[in-house]
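Just below is one structure, and these are the notes that go with it.
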Protein chains: 2
Amino acid sequence: MSSSADLRRIALAEFSRAGYSATSLQRIAELAGLSKSSVLYHYASKEALLEAAIGPAIDRLEGLVDGLLERGLEALDRRAFIVDFVDFLLEHRNELHIFINQGRALVDVPVVRRANRLVARLAEFFGEAASVQDSMRFGMALAGSAYMLTVAETFDEVAATRTVLQPDETRDALVAIMTELLVPASVPR
Amino acid sequence: MSSSADLRRIALAEFSRAGYSATSLQRIAELAGLSKSSVLYHYASKEALLEAAIGPAIDRLEGLVDGLLERGLEALDRRAFIVDFVDFLLEHRNELHIFINQGRALVDVPVVRRANRLVARLAEFFGEAASVQDSMRFGMALAGSAYMLTVAETFDEVAATRTVLQPDETRDALVAIMTELLVPASVPR
DNA sequence: ATGATGCCTGACCGATCGGTCAGCCCTGAC
DNA sequence: GTCAGGGCTGACCGATCGGTCAGGCATCAT
């Protein structure tokens, strides 16, 4: 029941859903059942709250990228990587959506710049051996996942007849699609 | 040199890049070399400016969707559709990025609700004959394209060594990737 | 009892937000 | 000449923004 952790979770969800600049500290405070002053007691500024909300996920992504670049593209077991990567995306979908789709608006926030650079390094990594098309494949897989894992929640409200995706079903579908995008046809699936 | 059209173009670019709520009328006015009052002379409100900026693209998308649903999935020449669709995405990348990635934040704007419903109809259309996986394929193709066509501009600044994509190269790559995502393997490519 | 500390609050600040309004300037019709 | 209307403007409005500050209220060690 830590207020600090509550605020971090609430801010993460709201920054992802409504956007960073469209989310006021007042609103976060109301959702947490606190006053705006309390929010600023736990976090020195709105930007500090953003850093706390998405920082851990970006740290984890950084470790993942460093591991990849150390070992190189040839040594990569692409299918094993995709399973791990999809689990990362599922767990940090809100953070992903923030730095992917608000990345341009938040370039002056250090943690977002760091995230952008990581994505660029990943895209280069997947594209280095072949054409830029492979970089695009990775970018589309990443941004497509971010969209499906967050915006899609709203979809079921819009398209009310649609069956709600089960978590496992989402995971399996994501693994299958990303395999098509990132594993060359020459590698057996 | 219509001020009205200038404002529409500038607003479209800024709403896409920085986000709707992060873009002030004051900023749009400065970029257009006008006063804020002039912006509100041409468009009754900020929301009206958004409608004018993305409305035409959504009208065109609506026509495209209506045509698809009339003819049905069986009669669809998927490869021809993809080429047309990619050209639509290329031309309206900023509008796309707005209603795809700010769609949740702007649900109370009528034109955005309309766009969301169109996307949901398209996803259902592609998923009806098979599993929800095909809906996800379409959603990822759409959102992935929106990302690569807009955010990717910033990428070349981040990853300065990367070769800038040529327009034709972008188009060809997008067609190739979307074909992989949306054309079943049973159909010859 | 007293003081220190952690958590929280309302009052308040200057800046900026979207939007209103009265009026200026120019051009073209009469 | 004058009137109408389109394009544009600065002054101004209430509301909300992120952020500061002094202080209230528990809990706990001394």
Side-chain angles (χ1 to χ4, degrees), chain A residues 1-55 94 98-99 102-113, chain B residues 1-55 94 98-99 102-113:
Chain A
M1 291 300 173
S2 156
S3 288
S4 188
D6 280 352
L7 287 169
R8 214 181 51 232
R9 277 191 297 267
I10 291 170
L12 175 62
E14 281 298 293
F15 287 162
S16 170
R17 190 190 60 81
Y20 175 74
S21 78
T23 302
S24 66
L25 293 177
Q26 179 64 40
R27 168 150 181 84
I28 293 171
E30 283 168 8
L31 290 173
L34 294 174
S35 72
K36 190 179 68 170
S37 298
S38 289
V39 178
L40 287 163
Y41 166 77
H42 288 284
Y43 298 94
S45 67
K46 189 183 178 183
E47 193 173 307
L49 182 51
L50 175 64
E51 298 240 11
I54 70 175
N94 280 332
I98 289 173
F99 69 75
Q102 302 178 51
R104 283 193 298 173
L106 303 174
V107 282
D108 50 340
V109 180
V111 71
V112 175
R113 287 193 70 88
Chain B
M1 293 303 170
S2 153
S3 288
S4 188
D6 281 351
L7 287 169
R8 214 181 50 232
R9 278 191 296 267
I10 291 170
L12 175 62
E14 281 299 293
F15 288 162
S16 171
R17 190 191 60 81
Y20 175 73
S21 77
T23 302
S24 67
L25 293 176
Q26 178 64 40
R27 168 151 181 84
I28 293 172
E30 282 168 8
L31 290 173
L34 293 174
S35 72
K36 189 179 67 171
S37 298
S38 289
V39 178
L40 287 163
Y41 166 76
H42 289 285
Y43 298 94
S45 67
K46 189 182 178 183
E47 193 174 307
L49 182 51
L50 175 64
E51 297 239 13
I54 69 175
N94 281 332
I98 290 173
F99 69 75
Q102 303 178 51
R104 282 193 299 173
L106 303 174
V107 281
D108 51 341
V109 180
V111 72
V112 175
R113 287 193 69 88

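Please read all numbers here as calculations on a predicted model, not as lab measurements.
Of the side-chain N and O atoms in B:H42, one or more sit less than 4.0 angstrom from OP1 or OP2 of D:dC8. Applying the 4.0 Å criterion to OP1 and OP2 of C:dC8, one finds that A:S35 has every side-chain N and O outside that range. Of the side-chain N and O atoms in B:S3, one or more sit less than 4.0 angstrom from OP1 or OP2 of D:dC8. Close to D:dT16, at under 4.0 Å from its OP1 or OP2, lies no side-chain N or O of A:S24. Checking the phosphate oxygens (OP1, OP2) of D:dG18, no side-chain nitrogen or oxygen of A:S45 falls inside 4.0 Å. Put simply, B:Y41 has no side-chain N or O that comes within less than 4.0 Å of OP1 or OP2 on D:dC8.
The nearest whole Å value for the distance from the CG atom in B:L34 to the C1' atom in D:dG6 is 14 Å. Across the protein-nucleic acid pair, B:L40 atom CG and C:dG23 atom P stand 20 Å apart, rounded to whole Å. Remark: C1' of D:dA15 and CD of A:Q26 are 12 Å apart, rounded to the nearest angstrom. Atom CD in A:E30 sits roughly 11 Å away from atom P in D:dT16 (whole-Å rounding). Residue A:Y20 contributes atom OH, which lies 12 Å from atom C1' of D:dC17 at whole-angstrom precision. In this structure, A:L50 places its CG atom 12 Å from P of D:dG19, rounding to the nearest Å. Computed from coordinates, the B:I28 CD1 to C:dT16 P distance equals 17 Å when rounded to whole Å. B:K36 places its NZ atom 9 Å from the P atom of C:dG19, with the value rounded to the nearest Å.
Nearest-nucleotide positions on DNA chain D for A:R27 and B:V39 put B:V39 closer to the 5' end.
Looking at heavy atoms from C-beta onward, B:F15 lies in side-chain contact with B:I28 at the 4.5 angstrom threshold. Side chains of B:S24 and B:K46 form no contact here, defined as non-hydrogen atoms less than 4.5 Å apart.
Donor-acceptor pairing under 3.5 Å, judged by distance alone, is absent between the side chain of A:K46 and the base of D:dG19.
At a threshold of 4.0 angstrom between heavy atoms, the contacts of B:S37 include nucleobase atoms, whether or not backbone atoms are also involved. Among the heavy atoms of the strands lying under 4.0 Å from B:L25 are primed sugar atoms or P, OP1, OP2 only; no base atom is included. Among the atoms of the strands shown, none is found under 4.0 Å from any heavy atom of A:S21.
Scanning both residues, A:L40 and A:L25, for their nearest heavy atoms gives CD2-CD1, 3.8 Å. The two residues B:N94 and B:A13 make their nearest non-hydrogen contact at ND2-CA, 4.1 Å.
Side-chain contact check for B:R104 and A:S16: at least one donor-acceptor pair (N or O, by modelled atom type) lies under 3.5 Å.
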